[in-house]
Amino acid sequence: MRGTKLTIEALLGPDLGGASPWPFFAMTNSAKCSGADDRGDKVPDPLYRRCRPFATAELRLLEPEVVVSQGAQARRVIEPILPVPEADVGRVLATLGLPDVSPVGSWVKAVADRYVGFTRVTGKNVIAMITPHPSDRGGRWQVFARVSLPVSSWLVRQLLSIWR
């Protein structure tokens with residue numbers, strides 16, 4: 001849960017004031033109906049397909065403003081994920097006095113294209129933050145956590161402020 005905690009702290013950190021992030025979010029699992037076999041093996045793909053409706057139903061009940069998906073299977077629960085409108089990213093950058101074409105603006109746009117979007121899984125626009133799974137064995141999580149998590153979390157907070 002270290003990756004989940006790091007992500008929630010990045011998203012909520014400015015509002016937490018040092019408090020634990022655990023009471024401030026809800027978590028569902030795209031493989032929640034799997035049986036425990038104590039082996040820690042990857043859950044078979046058919047099981048994810050059978051379990052996906054449970055996670056989708058939970059999201060409808062929770063009506064979140066932001067959904068974080070960790071890994072490909074979790075992303076499938078909230079697909080389709082649509083890109084953040086360029087105009088909205090431009091509005092966020094303008095609050096900092098940054099033009100879209102600046103090096104920082106280009107970086108924020110690239111992070112938005114890869115890790116931030118929106119979905120309508122709950123019947124309304126919900127910001128989606130798409131991350132690698134923290135236990136990813138290919139090292140993608142570590143790179144994301146160091147380079148893109150701070151920027152994507154900041155962008156999500158800024159988008160929430162303009163979309164509310």
Side-chain angles (χ1 to χ4, degrees), residues 1-32 54-100 102-136 139-164:
M1 294 292 292
R2 280 179 272 190
T4 300
K5 183 176 188 258
L6 184 65
T7 302
I8 300 305
E9 286 173 336
L11 283 168
L12 301 177
D15 298 321
L16 288 175
S20 169
W22 299 124
F24 300 101
F25 78 102
M27 185 167 95
T28 187
N29 189 326
S30 57
K32 85 168 29 245
F54 297 118
T56 303
E58 285 178 337
L59 289 173
R60 284 190 189 109
L61 289 171
L62 292 168
E63 296 183 354
E65 291 182 310
V66 177
V67 175
V68 177
S69 69
Q70 295 181 317
Q73 294 295 349
R75 185 180 64 245
R76 289 185 183 105
V77 171
I78 60 172
E79 286 179 336
I81 299 167
L82 306 168
V84 174
E86 280 194 45
D88 289 345
V89 175
R91 284 176 60 194
V92 168
L93 291 170
T95 65
L96 297 174
L98 291 170
D100 291 6
S102 70
V104 173
S106 296
W107 180 40
V108 170
K109 285 170 66 174
V111 167
D113 288 345
R114 177 144 184 169
Y115 298 112
V116 181
F118 72 94
T119 183
R120 291 194 56 88
V121 75
T122 64
K124 63 177 183 171
N125 285 348
V126 175
I127 296 174
M129 189 163 126
I130 305 100
T131 76
H133 196 281
S135 66
D136 180 275
R140 287 175 288 268
W141 168 257
Q142 289 78 6
V143 173
F144 168 78
R146 289 185 186 112
V147 177
S148 299
L149 177 58
V151 175
S152 56
S153 298
W154 171 82
L155 182 59
V156 167
R157 288 191 307 272
Q158 301 309 306
L159 290 170
L160 273 174
S161 69
I162 65 171
W163 286 6
R164 282 187 176 142

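Computed from a predicted model, the values in this text were never measured in an experiment.
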(message) Does any part of the side chain of I162, heavy atoms only, come nearer than 4.5 Å to the side chain of Q158, both counted from C-beta?
(response) no
(request) Would you check if P21 and K5 make a side-chain contact, meaning some heavy-atom pair closer than 4.5 Å? (result) yes
(request) Could you walk me through whether V116 and I130 pass side-chain contact (heavy atoms from CB on, under 4.5 Å), step by step? (result) CA-CA 6 Å; V116 181; I130 305 100; 5.8 Å; no
(request) Identify the two heavy atoms, one from V77 and one from A55, that lie closest to each other, and give their separation to 0.1 Å. (result) CG1-CB, 3.8 Å
(message) Looking at every heavy atom in both W163 and I127, which two are closest together, and how far apart are they?
(response) CZ3-CG1, 3.4 Å
(request) Check V156 against M129 and note the closest heavy-atom contact, atom names and distance. (result) CG2-SD, 4.0 Å
(message) Quick one: does any side-chain atom of S152 pair with a main-chain N or O of S148 as donor and acceptor, under 3.5 Å?
(response) yes
(request) Indicate yes or no: at least one non-hydrogen side-chain atom of V92 is less than 4.5 angstrom from one of L155. (result) yes
(request) Would you check if Y115 and P132 make a side-chain contact, meaning some heavy-atom pair closer than 4.5 Å? (result) yes
(request) Can you measure from CD1 (I81) to CZ (R120) and round to the nearest 0.5 angstrom? (result) 14.5 Å
(message) For a 4.5 angstrom cut-off between non-hydrogen side-chain atoms, does E65 reach V126?
(response) no
(message) Main chain of A10, side chain of R157: is a donor-acceptor contact present, judged purely on distance under 3.5 Å?
(response) yes
(message) So T131 and W141, do their side chains get closer than 4.5 Å, heavy atoms only?
(response) yes
(request) Starting from the C-alpha separation in whole Å, work towards a yes-or-no answer on side chain to side chain donor-acceptor pair (under 3.5 Å) for T4 and Q70. (result) CA-CA 8 Å; T4 300; Q70 295 181 317; 3.0 Å; yes
(message) Would you say that K124 contacts T119 through its side chain, given a criterion of any heavy-atom pair below 4.5 Å between the two side chains?
(response) no
(message) Please determine whether the number of non-hydrogen atoms from other residues, nucleotides or ligands lying under 6.0 Å from atom CD of E86 exceeds 12.
(response) no
